[in-house]
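One structure is given below, encoded as structure tokens.
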Amino acid sequence: MACLVCGSASVVERLDVGHHPVATFYLERQDAPERDFRLAVGQCRDCGTIQSTQIVPHDALIPPYDWLFAREPEEHLDEVVDQIAALPGLGPDSVIGALTYKDDTTVERFRRKGFTNTWRVKLDEDLGVENPAANIETVQKLTNPVTMAEIAARRGAADVLIVRHITEHAENLIAFIEGLAALVKPGGVLMLEVPDCTDNLRLKDYCMIWEEHSLYLTPATFA
């Protein structure tokens with residue numbers, strides 16, 4: 001397969017744990033039908049990125065419930081927002097944009113600092129998605145330069161764009177990153193946060209792949 005990051009054809013599959021249902025897809029009944037998918041990861045010989053070699057399609061990741069969502073660590077966000085707010089060229093009139101619900105608490109931190117010109121991409125209003133259970137798996141699929149440029153034209157391109165814990169889910173990383181770029185003003189700031197898999201790899205934590213990510217990044221491969 002072609003590497004999701006560099007496009008090289010040098011991805012070598014390293015681990016295949018067989019077919020499994022989606023980890024968070026809880027059945028409504030014990031005898032309800034379920035889909036399973038092959039979970040396997042490989043590594044690109046050229047850029048070193050560890051990645052899924054059998055990406056679970058985004059529609060299979062949409063849960064049957066609208067109450068299921070993930071929380072991420074936030075202890076660092078006060079310091080991160082302080083650092084960004086202090087950058088040259090940013091002020092109370094700057095536009096703070098965000099991509100998903102995972103960014104809401106970061107936006108609120110900016111608002112408490114006087115940055116009141118804020119927005120977030122909405123699944124229903126901006127992306128035309130009516131399923132209330134759809135979430136980041138759907139946002140990543142629909143993030144591309146054409147769609148995001150239209151949103152930026154309506155809402156106003158961001159001086160700062162917050163994107164937390166979704167990049168690692170991107171099925172088409174190039175289109176996703178180009179979509180993010182379309183939401184930001186030239187010279188703007190992109191706050192991109194992804195999980196660091198260094199400890200998972202060091203500890204041989206095989207449960208890592210049940211995150212069903214497309215990418216399993218470390219500081220070196222993120223760069």
Side-chain angles (χ1 to χ4, degrees), residues 5 58 61 68-129 134-197 211 213-219 221-223:
V5 175
H58 84 283
L61 295 170
L68 189 62
F69 59 93
R71 297 185 185 277
E72 308 296 349
E74 297 197 351
E75 295 81 2
H76 60 296
L77 289 179
D78 288 335
E79 181 179 355
V80 169
V81 170
D82 285 344
Q83 291 175 354
I84 295 175
L87 292 174
L90 294 181
D93 295 331
S94 298
V95 179
I96 309 298
L99 192 61
T100 77
Y101 80 92
K102 290 188 176 185
D103 308 323
D104 288 347
T105 56
T106 311
V107 171
E108 180 56 33
R109 284 171 167 84
F110 275 103
R111 292 186 66 84
R112 291 200 298 265
K113 284 186 159 297
F115 293 84
T116 59
N117 192 359
T118 67
W119 53 258
R120 188 214 334 144
V121 174
K122 299 294 182 66
L123 275 159
D124 50 358
E125 297 175 23
D126 295 311
L127 300 176
V129 177
N135 219 302
I136 63 168
E137 76 295 316
T138 305
V139 176
Q140 66 81 19
K141 183 69 174 180
L142 299 177
T143 299
N144 59 71
V146 174
T147 300
M148 295 300 127
E150 293 172 353
I151 294 172
R154 290 196 308 271
R155 294 189 175 273
D159 294 287
V160 177
L161 181 67
I162 304 160
V163 182
R164 299 185 65 230
H165 291 267
I166 182 174
T167 305
E168 65 273 15
H169 296 273
E171 296 178 36
N172 184 335
L173 183 66
I174 303 304
F176 179 83
I177 295 297
E178 290 177 347
L180 299 184
L183 289 171
V184 186
K185 293 178 182 177
V189 175
L190 173 62
M191 175 195 165
L192 195 65
E193 183 175 315
V194 299
D196 178 4
C197 294
E211 295 274 3
H213 291 173
S214 300
L215 302 164
Y216 297 90
L217 299 164
T218 65
T221 54
F222 176 70

Quiz item: Side chain of Asn117, backbone of Ser94: donor and acceptor closer than 3.5 Å?
Solution: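 Side chain of Asn117 to backbone of Ser94, a donor-acceptor pair under 3.5 Å: no, none is there.
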
Practice problem: Indicate yes or no for a side-chain donor-acceptor contact from Gln140 to the backbone of Glu171 under 3.5 Å, with no hydrogens or angles considered. | Solution: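 Yes.
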
Could you tell me whether [X] and [Y] have a side-chain N and a carboxylate O separated by less than 4.0 Å?
X: Arg109; Y: Glu74; value: yes
X: Lys113; Y: Asp82; value: yes
X: Glu72; Y: Arg164; value: no

Practice problem: Determine whether more than 12 heavy atoms belonging to other residues, nucleotides or ligands lie under 6.0 Å from atom NZ of Lys141. | Solution: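 Result for NZ/Lys141: open.
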
Quiz item: Is it true that atom CD of Gln83 has more than 12 heavy atoms of other residues, nucleotides or ligands lying nearer than 6.0 Å?
Solution: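 Counting other residues, nucleotides and ligands, CD of Gln83 exceeds 12 neighbours.
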
With a 4.5 Å heavy-atom cut-off, do [X] and [Y] have their side chains touching?
X: Ile151; Y: Leu127; value: yes
X: Glu178; Y: Asn144; value: no
X: Asp126; Y: Arg154; value: yes
X: Val139; Y: Tyr101; value: no
X: Arg111; Y: Glu108; value: yes
X: Asp196; Y: Phe222; value: no

Practice problem: State, to 0.1 Å, how close Glu193 and Pro73 come at their nearest heavy-atom pair, and which atoms those are. | Solution: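 The pair with the smallest heavy-atom distance is OE2-O, 4.4 Å.
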
Quiz prompt | Any donor-acceptor N or O pair under 3.5 Å, side chains Asp103, Thr106 | solution =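 Distance-only check fails for Asp103 and Thr106.
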
Quiz item: Quick one: CG on Leu173 to OG1 on Thr143, what's the gap to the nearest 0.5 Å?
Solution: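 Output value for this atom pair is 11.5 Å.
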
